[in-house]
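Some notes on the structure that comes next.
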Amino acid sequence: MASVSFEQVTKQFDDYVAVNNLNLEIEDGEFLVFVGPSGCGKTTSLRLLAGLETVSQGQICIGDRRVNELSPKDRDIAMVFQSYALYPHMSVYENMAFSLDLQGKPKEEIRQRVCSAAELLGIEKLLHRKPKELSGGQRQRVAVGRAIVRKPSVFLMDEPLSNLDAMLRVQARKEISKLHSDLATTFIYVTHDQVEAMTMGDRIAVMKDGILQQVDSPANLYNQPANLFVAGFIGSPAMNFFQVERLSQEGKEKLSLDGVVLPMPDSVAKNGDRPLTLGIRPENIYHPQYLPLEIEPMELPATVNLVEMMGNELIVYAQTPAGTEFVARIDPRVNIKQKDSVKFVVDTQRFYYFDREMETAIF
Amino acid sequence: MTKAVNKSNRTNNTNRKTEFWQKLPIHIAILTIAFIWTLPSLGLFISSLRPRGDMLSTGWWTVFWHPLEITQFYLGNYGDVLRSSGMGEAFLNSLTIAVPATVIPIAIATFAAYAFAWMTFPGRQLLFILVVCLLVVPLQTTLIPVLRVYAQLGLAGTFLGVWLAHTAYGLPLGIYLLRNYIGALPKDLIEAAAVDGASHLKIFTKLIVPLSMPAIASFAVFQFLWVWNDLLVALVYLGGTADVAPVTIQLSNLVGSRGQDWYLLTAGAFISMIVPLMVFFGLQRYFVRGILAGSVKS
């Protein structure tokens with residue numbers, strides 16, 4: 001078990017900066033998830049920590065040890081690869097025993113540790129098989145098993161579930177979360193899937209273009225996104241963005257969303273005259289027939305472009321008279337179809353304001 | 001149900017028939033090429049079974065005019081070759097040359113190929129290009145300079161000298177072939193082993209060598225065949241004396257300085273073919289398809 005810290009870490013490939021000045025403290029026993037679109041530097045960050053890439057600038061520490069110059073085998077880490085990277089000519093047992101064998105552990109201890117890891121993962125019946133005789137889900141477990149027999153101080157996982165089908169992925173997600181609470185070791189997990197990030201992480205680090213955007217708990221990330229990118233990336237369907245303009249009405253400053261007049265919040269007023277973007281999550285847009293009691297309603301007239309029936313909800317794609325498109329998640333009992341004109345209701349308590357140019361949130 | 005099955009069977013049959021007719025020209029072409037390709041070997045084999053007089057007066061195909069006449073076949077050529085003095089020793093010499101001259105380049109080439117493919121060091125690319133350039137150097141140009149060095153070092157006429165020579169001549173191709181194969185192994189595998197705690201040497205012995213057996217075995221066959229059939233390099237560096245002469249030199253001596261006894265060569269060729277065939281079939285089991293199956297998702 002160990003904490004991990006990135007201190008001003010930069011990784012440059014020729015003239016391409018993959019990771020740009022990353023500062024991040026990961027606590028002992030924490031489950032931290034790196035998430036972001038492809039090419040955002042999340043995998044590179046993990047590989048830097050694993051020692052598979054060399055740091056261009058800054059330093060990485062595991063525990064209180066600077067590891068920049070250490071080779072992967074001396075860092076006391078284990079890694080699960082996206083492709084699993086099982087040794088094809090070795091049986092499952094040999095795959096799992098490989099690292100212990102290299103450490104020169106006694107045969108009996110190796111057997112015990114491999115067997116108990118196999119039991120934990122439910123693969124004890126597969127130990128004599130070769131990787132090619134396993135299904136995708138079994139291979140993924142073997143890859144995890146190969147990592148846990150080593151009892152490393154930090155687990156690294158690089159999109160370990162992306163090759164599984166949807167059903168297995170849900171199951172494996174729970175298993176990895178359980179594994180984390182059983183082992184109580186630091187887990188660092190890379191994914192592009194925000195559902196995995198939200199469900200598994202103690203904290204989530206959102207990255208874009210090599211720059212860390214925000215690190216926080218899933219709930220805080222969702223409720224207080226630091227900028228436009230995080231707001232749009234976390235949540236599905238994604239947050240809707242509207243351009244709002246300032247106007248003066250009856251001597252008071254107000255905002256206008258495609259002609260709908262909104263009160264000016266204090267936080268926005270303090271921010272000066274800068275251009276604004278308003279964010280509204282799809283679940284904070286309602287149909288007038290089914291309104292919860294606790295909201296502060298405001299009408300938003302729009303025309304429906306498309307309705308997707310999900311069973312538990314309707315995903316409605318609509319646009320305002322001025323042409324701004326948005327998505328709403330509506331109660332499925334509503335009878336709504338394409339080209340309907342609907343006066344949607346939005347909850348003004350759940351508005352997110354952003355500085356349009358700086359792209360930062362205004363709280 | 002049965003009807004449906006019958007119908008699908010019938011369509012299967014018609015499909016197979018049309019497929020057969022469509023592929024017929026290709027099959028004929030392939031069979032023709034295969035026939036032409038084997039013809040010289042067949043002729044050589046039949047010749048080797050005919051007495052000297054017949055061989056000098058009529059062509060080997062004349063045996064087919066009376067194919068059942070067993071008496072026209074004759075094993076004497078094989079007897080003459082095997083009984084000729086020094087043949088057994090020549091076989092031993094050939095093995096003494098060919099086995100180390102195959103094993104040494106394989107060992108060096110595999111190490112070098114791993115380094116070129118997976119280790120980072122300055123000048124790696126340049127060195128590799130240099131090795132590839134060596135592929136185009138005709139070995140004949142090196143005979144005299146190398147022999148002069150050998151003479152000074154006292155290596156001329158020794159097995160060590162000819163091993164080193166064959167190693168040098170075989171290495172460029174070996175490194176080139178193996179580097180391409182080893183370089184195509186999945187990067188994740190090597191990184192996984194590195195994270196698991198393996199040093200370069202362990203990665204090499206536990207991962208690279210077992211996974212590269214198909215490539216190593218094909219290079220082994222190449223190199224062994226080339227060394228076994230070589231006359232020039234052995235003659236130059238070993239000299240033709242009986243105590244060091246391999247089978248190739250022995251056979252060329254047998255034929256006589258003016259080639260007058262060439263009928264013996266036919267039998268000799270088949271006798272010397274036995275060892276490479278054994279090597280080939282011995283290594284057969286390493287030519288495995290799908291050796292990487294199950295390791296990484298493709």
Side-chain angles (χ1 to χ4, degrees), chain A residues 46-47 49-54 70-92 94-105 129-136 138-140 142-143 146-147 149-150 152 154-156 158-160 162-164, chain B residues 106 110 113-115 117-125 178 181-218 220 283-298:
Chain A
L46 194 76
R47 291 171 58 82
L49 178 56
L52 298 171
E53 306 284 354
T54 51
L70 294 182
S71 63
K73 67 187 173 72
D74 300 321
R75 296 191 182 199
D76 196 19
I77 47 153
M79 184 158 166
V80 179
F81 289 76
Q82 181 175 11
S83 64
Y84 312 144
L86 301 180
Y87 311 129
H89 57 301
M90 299 182 191
S91 67
V92 168
E94 289 165 329
N95 262 282
M96 289 169 70
F98 186 68
S99 61
L100 300 176
D101 219 12
L102 289 173
Q103 290 170 18
K105 291 270 192 293
R129 295 217 201 151
K130 289 277 175 67
K132 67 177 169 205
E133 300 161 338
L134 303 177
S135 69
Q138 290 168 334
R139 283 178 201 169
Q140 190 267 337
V142 174
R146 193 171 65 182
V149 287
R150 296 184 52 198
V154 183
F155 276 103
L156 311 179
D158 184 9
E159 309 211 16
S162 60
N163 285 333
L164 300 181
Chain B
I106 286 177
T110 318
Y114 173 73
W118 291 108
M119 291 170 78
T120 41
F121 54 89
R124 176 172 75 156
Q125 220 46 22
L178 289 172
Y181 186 91
I182 291 173
L185 292 174
K187 189 178 179 204
D188 279 3
L189 271 185
I190 285 131
E191 290 182 341
V195 172
D196 266 349
S199 57
H200 274 304
L201 187 67
K202 286 283 179 196
I203 292 175
F204 180 79
T205 53
K206 299 253 179 192
L207 225 57
I208 301 294
V209 172
L211 293 179
S212 305
M213 278 321 285
I216 292 174
S218 14
L283 291 175
Q284 179 89 334
R285 66 196 181 94
Y286 292 110
F287 298 114
V288 194
R289 246 191 231 183
I291 198 168
L292 286 171
S295 74
V296 294
K297 194 114 175 172
S298 47

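Residue numbers begin at 1 in each chain, while the letters A, B, ... track the order of the sequences.
B:L207 CG to A:M90 CE: the interatomic distance, rounded to the nearest 0.5 Å, is 6.0 Å. In this structure, the separation between CD on B:E191 and OG on A:S83 is 9.0 Å, given to the nearest 0.5 Å. Rounded to the nearest 0.5 angstrom, B:I190 CD1 and A:L52 CG are separated by 11.5 Å.
Contact of A:L102 with chain B is made through the side chain alone, with heavy-atom distances under 4.5 Å. Contacts between B:K206 and chain A at a heavy-atom distance below 4.5 Å involve backbone atoms as well as side-chain atoms.
With chain B as the partner, the residue from A:P72, A:A143, A:S71 showing the most heavy-atom pairs under 4.5 Å is A:P72.
Annotation for B:L189 and A:A85: closest pair CD2-O, 3.5 Å, computed over non-hydrogen atoms.
Annotation: side-chain hydrogen bond (donor to acceptor under 3.5 Å, both in side chains) contacts of A:R75 (sequence neighbours excluded): none.
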Can you give the donor-acceptor pairs under 3.5 Å from side chains of residues 193-200 of chain B to other protein atoms, not counting sequence neighbours?
| unit_1 | atom_1 | unit_2 | atom_2 | d |
| --- | --- | --- | --- | --- |
| B:D196 | OD2 | A:Y87 | OH | 2.8 |
| B:S199 | OG | B:K202 | N | 3.4 |
| B:H200 | ND1 | B:Y114 | OH | 2.7 |

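Looking at heavy atoms from C-beta onward, B:M213 lies out of side-chain contact with A:H89 at the 4.5 angstrom threshold.
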